[in-house]
Amino acid sequence: MSFTIAIDGPAAAGKGTISRAVAAHFGLAHLDTGLLYRAVGRAVLGGADPVEAARSLRAETLEDPALRTPEVAEAASRVAVIAEVRAALVDFQRAFAARAGGAVLDGRDIGTVICPGAQVKLFVTASPEVRARRRFDELTDRGIGSDYAQVLEDVRARDARDAGRSAAPLKPAPDAVILDTTDLSIADAVARAVAVIAAARGSVR
Ligand code: C5P
């Protein structure tokens, strides 16, 4: 049977880091579903129609490092409120989740909408201030100049848009394990995620 791990949570909570680490630990494929919305957002910044862009999305586009800028993140969260855009991206995500050998998908609605039957659901969160600090440090490391107050404002704006939309709003699935990383190191957060998944794998036959 396929083994699917759904990892959801707000921007910069540590989902990506945890997802990559657990995928490597358990030998599972990993899909960062934010990249799908970022690819659509980027196409829209270039003048494309969002629904058309979502319907014609190609997997190769997801490799583009240009998807990882704050402008594209903002554009992604704007296109992500459009129900037709979300609908156009469902099949790709479910096909990935169903691959033999199992998969880790991280995003906002994996445990609630895309893979409600996932064997493990984690909701990774942290305070807005800590998330803004992490995002600021990451941007600084990548040589992208930014301002902490602005990054915090962007984090709050994205949270409000992601949690407030009617199409697949950001929220934990009822059966998700909440992992608050506010006071955790990366190593501790990964260790907790690995422990939750190992316990679930042990009970999957
Ligand atoms: O995770 P990341 O920051 O790359 O996601 C960018 C934006 O894409 C999010 O702010 C959110 O609006 C949207 N998104 C979504 N559903 C997902 C993944 C991302 O709505 N599963």
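Just follow the structure's listing: the first ligand is 1, and inside any ligand the first atom is 1.
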Output for ligand 1, non-hydrogen cut-off under 4.0 Å, lists Thr33, Gly34, Tyr37, Arg38, Ala76, Ser77, Ala80, Arg86, Gly107, Arg108, Asp109, Arg158, Asp162, Arg165

Result block: side-chain N/O donor-acceptor pairs under 3.5 angstrom for residues 51-58, not counting sequence neighbours:
from, atom 1, to, atom 2, distance (Å)
Ser56, OG, Glu52, O, 2.8
Arg58, NE, Glu60, OE1, 3.3
Arg58, NH2, Glu60, OE1, 2.7

Report the residues that fulfil side chain to side chain donor-acceptor pair (under 3.5 Å) with Asp175, sequence neighbours left out, ordered by chain and then residue number.
Lys121

Would you please say whether a donor-acceptor pair under 3.5 Å links the side chains of Arg161 and Ser77?
yes

Side chain to side chain donor-acceptor pair (under 3.5 Å) involving Asp64 - partner list, sequence neighbours excluded:
Arg42

Check ion pair Lys171-Asp109 (N to O, under 4.0 angstrom)
no

Under a 3.5 Å threshold, yes or no: a donor from one side chain and an acceptor from the other, between Arg134 and Thr181?
yes

